[in-house]
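Taking it in order: structure first as structure tokens, then the write-up.
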Amino acid sequence: MATGRRRADFGQRSDLTFKDNAAAGRHGWLRLTPAYSRRIVETLLDAHVAPRVLDPFSGSSTTPLAAAMRGRDATGVELNPFLVWFGSVKLRRLGRQVVTRCELALERVMGRFGEDPVLPPPIHKIERWWTPPVLAWLCALKGAIDAESALSRDLLTIAFCRTMMALSSASFGHVSMSFGDARTPDDLEGAATAQFRVDVAHVLAGASASPKRPGRVHRGDARTLLPIQGEQFDVVVTSPPYPNRMSYIRELRPYMYWTGHLQAAKQAGELDWKAIGGTWGVATSRLAKWTRSTGARPTSLESLLPKIAVAHPKNGPLLAAYVDRYFEDAATHLAALRPLIAQGGSIHYVVGNSSFYGELVPAEALWAELMEAAGFKSPEVTILRKRNSNKKLYEFQVSADA
């Protein structure tokens, strides 16, 4: 196992984050927190002449899209239904004819604007997101988009998601989402319409450059990988959730509500409980009662978990259980993955470490240990970048052979 240069030699490298995707065609359609840089994927694919590429934590489909653009057979597995839809649209082979059709659909949408508005999504404290006039405008636009045929509707809905977030009070100045003051733009109709047209143009610019071959995204659980059982893959490039108790469902809720992939807060909690590292809503209360059910812990966890448990009198035991469950789920996932990787294949995981009450969770070493336990060979750890101002937090690439 190698770590390469000293950690102090690594900077934050924005070119290895989602920021690098913004101007990269379909990769930049939506700024979603789970995304990571396409450059990481492209570098790995260029180094591995592997025709069958898998991402078992597909997210916004950065890996499948990068693979499909290079003519590889690209497959993703993703638990979140919104991300399955979004990834599937990103992976479609489209052309100028589809772009022209969508441009005509845009004019129809603006012509019927306000005729049949949708109801506001049932987002808790929706007033934090949008003022009443902005919300009414968005409901009118979404109703007009929904009347279009499937392909145009999908592309216009992605543009709507961009506009919806641009008009919201949400801020993405940091990795996680925060809120400013909700406000109504001057000349709302003119400003919002102009924003939507710009966003449609952005989406259609990406749509005009199609992948060399279509990819596919299955909805499924990374712990079982049931939709792809029996298949074989040559290389895995993925970035699973980090063990940092960040809820991706929280970040994705506005997209999911507006697109109809989420109807109630309870559904969000159920989805987060199924996700590796999820802690939203009901997932937290269930975690308090959770006990390990399968397999042995990675050796370094045996001494680390008691330290986390006693580090905070109230939340320490819960967070120790969170870390324990995260790596149990990781082990379950790798056991399901191993039979799917062809002889001579390889796996590459982009992971970040974490810290709870000053106790460092060395996720890179733990993933490497679990890979070896699952039957993968020669795990190797490489530092990619420093993540933020915390001197202890880094992003790593953990690779192993089949």
Side-chain angles (χ1 to χ4, degrees), residues 12 14 17-24 27-37 59-60 80 82-83 86 113 117-142 145 156-203 241-242 244-262 264-265 268-269 272 278-281 284 352 387-390 393:
Q12 293 189 348
S14 62
T17 73
F18 55 83
K19 294 178 181 178
D20 188 60
N21 295 348
H27 285 291
W29 272 356
L30 293 178
R31 188 276 193 210
L32 302 176
T33 300
Y36 61 114
S37 174
S60 58
N80 189 302
F82 165 75
L83 292 175
F86 179 52
F113 182 90
V118 299
L119 294 173
I123 298 176
H124 181 59
K125 293 185 178 180
I126 197 170
E127 66 278 2
R128 294 183 66 193
W129 291 86
W130 304 277
T131 63
V134 172
L135 184 60
W137 188 91
L138 290 170
C139 288
L141 177 60
K142 187 62 167 60
I145 292 172
L156 291 175
T157 296
I158 292 172
F160 171 87
C161 286
R162 290 176 61 88
T163 303
M164 171 267 292
M165 292 305 293
L167 295 175
S168 78
S169 63
S171 171
F172 291 97
H174 303 283
V175 173
S176 186
M177 181 182 66
S178 60
F179 286 98
D181 294 329
R183 62 180 184 84
T184 303
D186 297 333
D187 181 22
L188 171 61
E189 184 173 350
T193 299
Q195 177 70 52
F196 182 58
R197 287 186 176 276
V198 167
D199 290 330
V200 171
H202 179 87
V203 171
Y242 299 169
N244 58 6
R245 212 175 176 227
M246 177 180 171
S247 173
Y248 292 133
I249 193 72
R250 175 181 180 270
E251 310 289 317
L252 295 173
R253 280 179 306 149
Y255 300 102
M256 296 183 70
Y257 275 116
W258 278 107
T259 58
H261 292 99
L262 189 63
D272 225 23
T279 57
W280 181 263
T284 298
R387 275 167 50 208
N388 56 30
S389 58
N390 187 323
L393 298 185

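Because the structure is predicted, anything quoted here is derived from the model rather than measured.
When all heavy atoms are compared, the tightest approach of W258 to V118 is CZ3-CG2, 4.2 Å. Among all heavy-atom pairs drawn from P254 and I123, the shortest one is CA-CD1, 4.0 Å. Here the shortest heavy-atom pairing between F86 and S60 reads CE2-CB, 4.1 Å. Considering all non-hydrogen atoms of both residues, P121 and Y257 come closest at CB-CB, 3.7 Å.
The closest donor-acceptor contact from the side chain of W129 to the backbone of M164 lies at 3.5 Å or more, if one exists at all. T279 contributes no side-chain N or O that, together with a main-chain N or O of T284, makes up a donor-acceptor pair within less than 3.5 Å.
Note that NE2 of H124 and CZ of R253 are 8.5 Å apart. Values are rounded to the nearest 0.5 Å. Rounding to the nearest 0.5 Å gives a distance of 4.5 Å between CD1 of I126 and CG of L135. From L156, atom CG reaches atom NZ of K142 across 10.5 Å, with rounding to the nearest 0.5 Å.
A heavy-atom distance below 4.5 Å is not found between the side chains of L262 and F82. Using a 4.5 Å heavy-atom threshold, the side chains of Y255 and H261 count as separate. Using a 4.5 Å heavy-atom cutoff, the side chains of L393 and N244 are not in contact.
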Name every donor-acceptor pair, under 3.5 Å, that has one atom in a side chain of residues 183-198 and the other anywhere in the protein, sequence neighbours excluded.
residue, atom, partner, partner atom, Å
T184, OG1, T131, OG1, 2.6
D187, OD1, G190, N, 3.3
T193, OG1, E189, O, 2.7
Q195, NE2, D199, OD1, 3.2
Q195, NE2, D199, OD2, 3.1
R197, NH1, E107, OE2, 2.9
R197, NH2, E107, OE1, 3.2

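Partners of Y242 by side-chain hydrogen bond (donor to acceptor under 3.5 Å, both in side chains), not counting sequence neighbours, listed by chain and number: E395. With sequence neighbours left out, the side chain to side chain contact (heavy atoms under 4.5 Å, CB included) criterion links H202 to W29, R162. When the side-chain hydrogen bond (donor to acceptor under 3.5 Å, both in side chains) test is applied to S168, no partner is found at least two apart in sequence or on another chain. Remark: N80 engages no residue in a side-chain hydrogen bond (donor to acceptor under 3.5 Å, both in side chains) (not counting sequence neighbours). Here F113 pairs with W137 under the ring pair (Phe, Tyr, Trp, His ring centres under 6.0 Å) rule; sequence neighbours left out.
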